[in-house]
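Working notes, beginning with the structure itself.
Quick caveat, the model's predicted, so the values are computed rather than measured. In this chain, numbering begins with 1 at the start of the sequence shown.
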Amino acid sequence: GALARHYRIPESALAYLRYQGSIAAEVEGRIMDLVDRYLDDPWKTYEARRAARECVWAWKNIAERIMEENPWRPGRGVTS
């Protein structure tokens with residue numbers, strides 16, 4: 001190929017680029033399927049992300065309260 005001829009790039013180094021070129025259309029199709037499935041309505045995407053953040057915040061709050069009420073000390077195990 002031109003890269004090997006003009007820039008003296010070894011053929012072994014070009015194998016990965018050729019492989020990626022051979023699957024590019026398939027990868028693009030899978031990405032577009034995901035876009036169609038999950039990004040059909042920007043408001044739904046926003047709401048889903050907001051709900052996920054609220055879940056994370058809630059779990060963090062619960063974990064912090066548990067640690068404050070019953071702290072675990074390394075090397076001593078969990079006490080009850």
| Is it the case that one hydrophobic cluster holds both Val27 and Tyr19, taking links as side-chain heavy atoms less than 4.5 Å apart, direct or via other members? | yes
| field | Pairwise distance CZ(Arg50) to CD(Glu47) - rounded to 0.5 angstrom | value | 6.0 Å
| field | Approximate separation, where rounding is to 0.5 Å, of Asp36 CG and Ile31 CD1 | value | 12.0 Å
| request: Could you note down all residue pairs passing ring pair (Phe, Tyr, Trp, His ring centres under 6.0 Å) where residues 40-69 supplies at least one of them, sequence neighbours left out? | output: Trp43-Tyr46
| More than 12 heavy atoms of other groups within 6.0 Å of Arg18 CZ | yes
| request: With sequence neighbours excluded, give me every side-chain hydrogen bond (donor to acceptor under 3.5 Å, both in side chains) pair touching residues 24-35. | output: none
| message | Under 4.5 Å side-chain heavy-atom separation, chaining through any Ile, Leu, Val, Met, Phe, Trp or Tyr, what else clusters with Ile9? Say none if it is isolated. | response | Leu3, Tyr7, Leu14, Leu17
